[in-house]
Structure formats: structure tokens, C-alpha cells
Amino acid sequence: QVQLVESGGGSVQAGGSLRLSCVGIAGTYRGYYLGWFRQLPGKEREAVACIGTDGTAHYIDAGKGRFTISADNAKNTPYLQMDSLKLEDNAMYSCAEQRGSMNLRYGLGCWFNAWGQGTQVTVSS
């Protein structure tokens, strides 16, 4: 039971970039869902990017044109490239994947039930 572990978060000025990485993808649902969530302060967790069963990337409206999800090694190493970061991007970012069919949460046309502990992204002016 490999745990998802994110890295790449930190502090950045508005307009800057960060690239998040995730290790620990189980891959038991290869060809299914893989993505990234974020939880803004005082808000519920929301999907920001995911790769669907057909390999198509989906993004939250606020991230379109700024966020890029990618994955290496048959989706075993997902990344989230975030450019032109804004103050409203301040959040804890977690990678996610589908493992089985229990306690699934929906976002951007993708389903997930496994998340990492998250990496903090702090954007300042």
C-alpha cells in the first residue's frame, strides 16, 4: 500500500510558476483517473486537473491556460505545471488517483478515492 507523496510546493510571487510532482501511484487502475486536487483555506477540496480514461486532460476553469497536467511512465509519475500563479491559487495541493470503487469523489469528469497529504502552494503579491 504505497502512499501518495507530493512535492514541489512552496512560496512564489504572483505570476510565477511551480511544478508539482507525485510519487506513489499504485497504478492498479492504469488507464483510469489520475489528477490533482486543491483545498483553498476554508473551502472544500476541488479537482484542478485530471487525466481521463481516454488520456485527455481536464482542467478547472480557473486553471485553463495556466495549469498543465502530465504523467510519465504510464501515468505513474504525475506532474502539475502551474504558470501565472494568482493569489487565489493559494491552497494545499494533493495528487489523486482511483483505487478501486469505494468512497469515490467526482471532479472534472474524473473519479478519485486516494489522495496524498498535500503540498502547500503559497502565492503572494
Side-chain angles (χ1 to χ4, degrees):
Q1 295 181 348
V2 179
Q3 300 297 309
L4 299 174
V5 180
E6 304 89 347
S7 63
S11 298
V12 63
Q13 293 190 24
S17 299
L18 288 172
R19 188 189 188 213
L20 309 182
S21 302
C22 176
V23 297
I25 296 295
T28 55
Y29 274 70
R30 185 178 66 248
Y32 285 88
Y33 303 116
L34 182 69
W36 292 86
F37 280 67
R38 71 182 180 186
Q39 187 167 17
L40 281 67
K43 306 294 184 180
E44 63 183 3
R45 186 163 53 186
E46 62 182 356
V48 297
C50 71
I51 300 175
T53 58
D54 61 356
T56 301
H58 305 273
Y59 299 96
I60 190 172
D61 286 343
K64 292 180 178 177
R66 302 188 299 119
F67 295 175
T68 304
I69 186 172
S70 62
D72 295 334
N73 301 319
K75 301 172 64 176
N76 288 328
T77 309
Y79 304 94
L80 182 66
Q81 177 70 39
M82 301 187 293
D83 299 319
S84 302
L85 284 163
K86 305 176 179 179
L87 294 177
E88 53 263 42
D89 294 321
N90 280 326
M92 184 72 71
Y93 286 76
S94 302
C95 60
E97 70 166 330
Q98 183 183 4
R99 295 178 178 176
S101 59
M102 298 294 293
N103 302 315
L104 292 169
R105 292 184 62 183
Y106 176 84
L108 302 175
C110 303
W111 292 91
F112 308 92
N113 57 2
W115 292 264
Q117 295 300 306
T119 183
Q120 181 67 46
V121 171
T122 302
V123 184
S124 61
S125 60

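Treat the numbers as computed from the prediction; the structure is a model and nothing was measured. By convention here, the first residue in the shown sequence is residue 1.
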request  = Answer yes if I60 and V123 sit in the same cluster of Ile, Leu, Val, Met, Phe, Trp and Tyr residues linked by side chain heavy atoms under 4.5 Å apart, and no otherwise.
outcome  = yes
message = Less than 4.5 Å apart, side chain to side chain, heavy atoms only: is that true for V48 and F37?
response = no
message = Any salt bridge linking D89 with K86? Criterion: basic side-chain nitrogen under 4.0 Å from a carboxylate oxygen.
response = no
query = Does V23 sit in a hydrophobic cluster with other residues, and if so which ones, taking ILVMFWY side chains as linked at heavy-atom separations under 4.5 Å, directly or through other members?
reply = V5
inquiry  = Between W36 and Y93, is the ring centroid distance below 6.0 Å?
reply    = no
key: M92 reachable from L20 in the ILVMFWY side-chain graph, under 4.5 Å edges   = no
inquiry  = For S17 versus D83, what's the shortest heavy-atom pair and its separation?
reply    = OG-OD1, 2.8 Å
request  = Search all heavy atoms of C110 against all heavy atoms of H58 and return the closest pair with its distance.
outcome  = SG-CD2, 4.4 Å
ask   = Any link between L87 and L40 through a network of hydrophobic side chains (Ile, Leu, Val, Met, Phe, Trp, Tyr) touching at under 4.5 Å?
value = no
message = Would you say F112 ends up clustered with M102 if hydrophobic residues are merged whenever their side chains have heavy atoms under 4.5 Å apart, either directly or through other cluster members?
response = no
query = Just by distance, with hydrogens left out, do E88 and N90 show a side-chain donor and acceptor under 3.5 Å apart?
reply = no
message = Nearest 0.5 angstrom please: L4 CG to E97 CD, how far?
response = 5.5 Å
